[in-house]
Amino acid sequence: MAIHLSDSFLEELRFRNDIESVVSSYVQLRRRGHNAVGLCPFHNEKTPSFTVDTDKGLFYCFGCGAGGNVITFIQKIENLDFLEAVRFLANRAGMQMPEDTEEPNLGARRVRILEMNRAAARHFHDNLMSPRGEAALRYLTERGLSRKTIRHFGLGYAPDSWDDLRDHLRGLGYSYEEMKAAFLLSEGRKGNFYDIFRNRVIFPIIDLRGDVVAFGGRDLGERGPKYLNSSDTLAFRKNRNLFALNFAKNAGKGHLILAEGYMDVIALHQAGFTEAVATLGTALTQEQAHMMTRYTGEVILCYDSDGAGQKATQRAMGLLDGVGLKVRVVRVTDAKDPDEFIKRFGATRFQLLLDGGAGATEYALLQAREGLDLSKTAGRSDYLKRAAELLADLRSPIERDVYAGRLSEEFGVAKTALLEQIGNAERARRRAKERKENRDLRVAPPPPASRPDPERQRNLPSAIAEEQLIALLGKNPDFIPAVAAELPPEAMSVSANRRIYEAMLARSAGHLSVDPGGMGALLDTDTIARYTGILIQHEALTGSRRQAEDYVRAIRSYREKKSAQDIRASDVDEWAAYMQQTTEQKRKGR
């Protein structure tokens, strides 16, 4: 029976098979910062050059060039083909392999949903700008949004009608069943279909590839939930998307702001804080936290000031810290949320809030005081015990010493006693973790190290541009359609880069992820390793569309020169110097 491996299945497979856990069954790893390192199982070495990037779910060896995701690792270590490796990991995670008897055209159906969503978003926006959208437009302008902001986010309006969107999409050739699969229609008990979004301001949800994957709707009446969000579909998983990340990923602020809702994020962007994102009607998930690590090392939490917002802050802090992100917390005072704060006090005052945001430890210590009477001995004792548990999580002994000193001065307790309490808590936690993680480790026999790439050396000027372009497209898949229109794959001089680029174009045309994890079915393990190496080695690259255009021009120019046999040896050094200069300029934000 044929097997169909959808992107959603492979994504779930990789999520359930944490790469550090899988690799640790074969390689003895030790933590180094946010990564884990060990001796490479694929070549002989005495100094560890094998790295596991736990945030991105990738491994790479700087010695032999092996690399990829958890599926690629199992392919190489167990000598399996792609399908066999997937089956191996599915068994490990207790997942059932899908049988392709009912969904032969899953990819085509997904593309159809995305095309339908785009048509729906246009229709909603046209409604908003028409006389029928007068009340919705007034609501948005009274909330302080400009016409420019409304256009930028593609906001729309679903009228108070059972069949407005249904009839519009039907006229474009979409079936009722397709609309239902996209969570645009619902089916009644008598088999009739009607619009899900009615009398609502519409917020299109756009993914990193620039596709409209879902919608959120804010009710303008009193007949339904205040906010209604799309359910999961073939094109959308709400726990693996973030609102406005398509804009925020290139904000260049050095951090992301995580707010609670659509209006908070839109108000922040309008005020100049274009690094703001939000979850989609759910609490922050581990997948969303991992997603943010691709674009920043720091997240500023800016949730509502009510009790629910504070609980969400506590939970988010743990998830973000768990994936290695630095966390700061903004306490919004004199307003219920960032939107209201900016309306009252302006962007400058909000910037001051951001600048003064408490680090995760300070915030956690403040929260630990809640519910305790610190004027009494029992309350102070309970608080110091809580504080010791919190400080036991700190990796830096200097930080522990500083906080212990502060607590010692505030409560009149010997600092040595506090440090001893913190040490006891850390040792107890470490022993529990060791018992949980205790398992046999083995190292696989090493195959030969990889060979150098003479084709790359012969075409080094173009290879540099090709690799930086590939890395840029990997982080900004929404750039791909424009680049594809200007750069055919045959313009690339290095065949391995050409294969990666072709796979990226094919995946993008199908509105699919271009992460290494999604490209495994199109590329062999060596090419996946090369792609992984390019992404890791150019991790700091944060280029723009203009930068992508520069790379395209450079690649085309090199190809034309090569065709005219006009490549001089000095071109290599000149081009390398140019690329280094432009990269440094981008890092400095020039």
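Note that these values count all heavy atoms, side chains included, but never hydrogens, waters or copies made by symmetry. All residue numbers in this chain count up from 1 along the given sequence.
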Answer yes or no: is there an ion pair linking [X] with [Y], defined by an N-O contact shorter than 4.0 Å?
| X | Y | result |
| --- | --- | --- |
| D232 | R240 | no |
| R406 | E410 | no |
| R132 | D164 | yes |
| E287 | K238 | no |

Taking [X] for its side chain and [Y] for its backbone only, find out whether a donor-acceptor pair lies under 3.5 Å.
| X | Y | result |
| --- | --- | --- |
| D207 | R209 | yes |
| D195 | L185 | no |
| T285 | N239 | yes |
| D18 | S21 | yes |
| H125 | L155 | yes |
| D304 | D337 | no |
| R507 | S513 | yes |
| R110 | L234 | yes |
| Q314 | K311 | no |
| R380 | S375 | yes |

Check your understanding: Could you walk me through whether R16 and E12 pass the salt bridge (charged side-chain N to carboxylate O under 4.0 Å, His left out) check?
Key -> CA-CA 6 Å; R16 290 204 199 177; E12 187 68 26; 3.3 Å; yes

Point to revise | F124 and F215 aromatic ring geometry - parallel, tilted or perpendicular at 30°/60° bounds | key: perpendicular

Quick one: closest heavy-atom pair of [X] and [Y], and the distance?
| X | Y | value |
| --- | --- | --- |
| I71 | R14 | CD1-CG, 4.2 Å |
| V265 | A276 | CG1-O, 3.6 Å |
| L284 | Q288 | CA-OE1, 3.4 Å |
| I113 | A235 | CG2-CB, 3.9 Å |
| L374 | G379 | CD2-O, 3.7 Å |
| N127 | P159 | ND2-CD, 3.4 Å |

Look up atom [atom1] in [X] and atom [atom2] in [Y], then write down how far apart they are to the nearest 0.5 Å.
| X | Y | atom1 | atom2 | result |
| --- | --- | --- | --- | --- |
| R122 | R118 | CZ | CZ | 6.0 Å |
| D53 | E20 | CG | CD | 10.5 Å |
| N117 | L184 | CG | CG | 5.5 Å |
| Y194 | S186 | OH | OG | 3.5 Å |
| F479 | L473 | CZ | CG | 8.5 Å |
| E549 | Q547 | CD | CD | 10.0 Å |

In the structure I gave you, are the side-chain heavy atoms of [X] and [Y] within less than 4.5 Å of one another anywhere?
| X | Y | answer |
| --- | --- | --- |
| V327 | L301 | yes |
| F341 | K336 | no |
| T296 | L325 | yes |
| M263 | R218 | no |
| R200 | Y227 | no |
| L89 | V70 | yes |
| L354 | Q351 | yes |
| P481 | S508 | yes |

Review point. Would L165 and F197 count as a side chain to side chain contact (heavy atoms under 4.5 Å, CB included) if you check the C-alpha gap in whole Å, the side-chain angles of each, and the deciding distance to 0.1 Å?
Key: CA-CA 9 Å; L165 182 64; F197 295 100; 5.8 Å; no

Exercise for review: Apply salt bridge (Lys or Arg N to Asp or Glu O under 4.0 Å) to D339 and list each qualifying residue two or more places apart in sequence or on a separate chain.
Suggested key: R143, K343

Practice item. Sequence neighbours left out, what passes salt bridge (Lys or Arg N to Asp or Glu O under 4.0 Å) with E340? Give chain and number order. Key: R344

How about [X] and [Y]: does a side-chain donor come under 3.5 Å of a side-chain acceptor?
| X | Y | result |
| --- | --- | --- |
| R331 | T313 | no |
| Y174 | R112 | no |
| Q270 | T149 | yes |

Exercise for review: Tell me, yes or no, whether the heavy-atom count around E134 atom CD, taken from other residues, nucleotides or ligands under 6.0 Å, exceeds 12.
Suggested key: no

For residues 246-254, which side-chain N or O atoms pair as donor and acceptor with protein atoms under 3.5 Å away, sequence neighbours left out?
unit_1 : atom_1 : unit_2 : atom_2 : d
K249   : NZ     : N476   : OD1    : 2.6
K249   : NZ     : D478   : OD1    : 3.0
N250   : ND2    : N476   : OD1    : 3.0
K253   : NZ     : G272   : O      : 3.0
K253   : NZ     : E275   : OE1    : 3.1

**Study point:** Stepwise side chain to side chain contact (heavy atoms under 4.5 Å, CB included) test for L245 and L256
**Key:** CA-CA 9 Å; L245 185 59; L256 291 175; 4.3 Å; yes

Practice item. Not counting sequence neighbours, list each pair that qualifies as a salt bridge (Lys or Arg N to Asp or Glu O under 4.0 Å) and has a residue in residues 165-176. Key: D163-R166

Exercise for review: Among residues two or more places apart or on two chains, list those pairs meeting ring pair (Phe, Tyr, Trp, His ring centres under 6.0 Å) that have a residue in residues 268-306.
Suggested key: F153-H269, F273-F350

Practice item. Could you tell me which residues satisfy ring pair (Phe, Tyr, Trp, His ring centres under 6.0 Å) with F203, sequence neighbours excluded, listed by chain and number? Key: Y262

Exercise for review: Tell me, with the steps shown, if I150 and I266 meet side chain to side chain contact (heavy atoms under 4.5 Å, CB included).
Suggested key: CA-CA 9 Å; I150 290 169; I266 294 172; over 6 Å; no

Practice item. May I have the step-by-step check of side chain to side chain contact (heavy atoms under 4.5 Å, CB included) for L220 and Y139, ending in yes or no? Key: CA-CA 8 Å; L220 294 178; Y139 166 80; 3.9 Å; yes

Practice item. Output, in order, the C-alpha distance, side-chain angles, deciding distance and verdict of salt bridge (charged side-chain N to carboxylate O under 4.0 Å, His left out) for R328 and D355. Key: CA-CA 10 Å; R328 285 193 287 133; D355 294 342; 5.7 Å; no

